[in-house]
Trainee: 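I have a structure I would like to understand better, so I am pasting it below and will then ask my questions one at a time.
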Amino acid sequence: MPETTRALLTAQAAAWQRILDHPFVSRTSAGSLPKATFDRWLAEDYFFVRSFQRYLETLSAVAPDDEARKVLAGGLAALAPELALFEQAAAERGVDLTAEPSLLNLGYTSYLFTSVEEGWPVGITVLYAVEKAYYDAWASVRDTTGADTQYAGFIANWSSPEFAAYVDQLAGLVDRETLTPAMTLAFDRVLRFEIAFWDLVSA
Ligand code: MP5
């Protein structure tokens with residue numbers, strides 16, 4: 001049922017555009033993002049990704065079959081090099097990765113865990129929304145930035161052909177489900193969290 005992801009994306013077209021048009025994204029592309037803003041994102045997102053790792057393990061435990069478990073295992077495997085990328089950038093930039101996360105970040109990551117309790121269709125919808133948002137945002141940076149960007153590692157991490165294939169596989173898992181109001185709400189919530197996360201680090 002490819003119409004499930006199509007319906008989710010169509011209903012959220014305006015919010016999706018706000019992610020792509022967010023000043024954090026456009027300034028990252030233009031090379032005009034203040035260092036402090038990127039550094040704030042780095043520390044907040046490190047906390048997010050470490051929580052996300054445990055969330056993905058929790059979601060895998062309720063995956064309905066081997067196909068789904070295999071896709072999620074691929075996502076989990078990518079997180080070790082991703083965390084290493086954050087740690088290297090933080091060391092180079094002098095960022096403290098142990099800083100207290102914002103309440104927004106705690107809310108977003110808590111919501112990820114809560115969503116698993118709503119069952120697989122909502123859980124996989126949330127995962128798809130989280131990853132698709134980052135794929136589209138970083139693919140936009142990739143397509144609009146210069147070759148001398150300092151963010152090459154992060155662009156590659158979320159906009160590589162491998163990550164694109166992973167997001168497509170997640171879409172395939174969502175498209176096995178019939179759309180429910182709970183899935184629509186979960187998708188909408190993730191987008192609101194994503195926009196608020198960019199707003200927070202840019203403030
Ligand atoms: C992702 C992220 C992508 N790193 N941070 C936010 C706020 N949203 C989405 O997740 P992952 O685990 O880095 O692919």
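FYI, the numbering just counts along the sequence from 1. Read the numbers this way: they start at 1 and go in the same order the structure lists the ligands and their atoms.
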Trainee: Are Asp65 and Arg69 close enough for a salt bridge, meaning some N to O gap below 4.0 Å?
Mentor: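 No, Asp65 and Arg69 are not salt-bridged.
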Trainee: Could you tell me which residues satisfy ring-ring contact (aromatic ring centres under 6.0 Å, His included) with Tyr46, sequence neighbours excluded, listed by chain and number?
Mentor: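 So Tyr46 forms no ring-ring contact (aromatic ring centres under 6.0 Å, His included) with any residue.
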Trainee: So, using salt bridge (Lys or Arg N to Asp or Glu O under 4.0 Å) as the criterion, who are the partners of Glu118 when residues are at least two apart?
Mentor: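 None.
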Trainee: Just to verify, which of Val190, Thr58, Ile124, Val122 counts as forming a side chain to side chain contact (heavy atoms under 4.5 Å, CB included) with Ser115?
Mentor: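 Only one option passes, and that is Val122.
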Trainee: Before giving the answer on side chain to side chain contact (heavy atoms under 4.5 Å, CB included), spell out for Phe193 and Leu104 the whole-Å C-alpha distance, their side-chain angles and the decisive distance to 0.1 Å.
Mentor: CA-CA 8 Å; Phe193 271 126; Leu104 175 76; 4.0 Å; yes
Trainee: Just jot down the side chain to side chain contact (heavy atoms under 4.5 Å, CB included) partners of Asn157, sequence neighbours excluded, or say none.
Mentor: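 With sequence neighbours excluded, Asn157 shows a side chain to side chain contact (heavy atoms under 4.5 Å, CB included) to Glu82, Leu85, given in chain and number order.
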Trainee: Just the distances, no angles: every ligand 1 N or O to protein N or O pair closer than 3.5 Å, one line each.
Mentor:
{"unit_1": "ligand 1", "atom_1": "4 (N)", "unit_2": "Asp45", "atom_2": "OD2", "d": "2.8"}
{"unit_1": "ligand 1", "atom_1": "5 (N)", "unit_2": "Asp45", "atom_2": "OD1", "d": "2.6"}
{"unit_1": "ligand 1", "atom_1": "5 (N)", "unit_2": "Asp45", "atom_2": "OD2", "d": "3.3"}
{"unit_1": "ligand 1", "atom_1": "5 (N)", "unit_2": "Tyr134", "atom_2": "OH", "d": "3.3"}
{"unit_1": "ligand 1", "atom_1": "8 (N)", "unit_2": "Glu194", "atom_2": "OE1", "d": "3.3"}
{"unit_1": "ligand 1", "atom_1": "8 (N)", "unit_2": "Glu194", "atom_2": "OE2", "d": "2.6"}
{"unit_1": "ligand 1", "atom_1": "10 (O)", "unit_2": "Glu131", "atom_2": "OE1", "d": "3.1"}
{"unit_1": "ligand 1", "atom_1": "13 (O)", "unit_2": "Glu82", "atom_2": "OE1", "d": "3.4"}
{"unit_1": "ligand 1", "atom_1": "13 (O)", "unit_2": "Glu82", "atom_2": "OE2", "d": "2.4"}
{"unit_1": "ligand 1", "atom_1": "13 (O)", "unit_2": "Trp158", "atom_2": "NE1", "d": "3.0"}
{"unit_1": "ligand 1", "atom_1": "14 (O)", "unit_2": "Glu131", "atom_2": "OE1", "d": "2.6"}
{"unit_1": "ligand 1", "atom_1": "14 (O)", "unit_2": "Glu131", "atom_2": "OE2", "d": "3.4"}
{"unit_1": "ligand 1", "atom_1": "14 (O)", "unit_2": "Trp158", "atom_2": "NE1", "d": "3.2"}

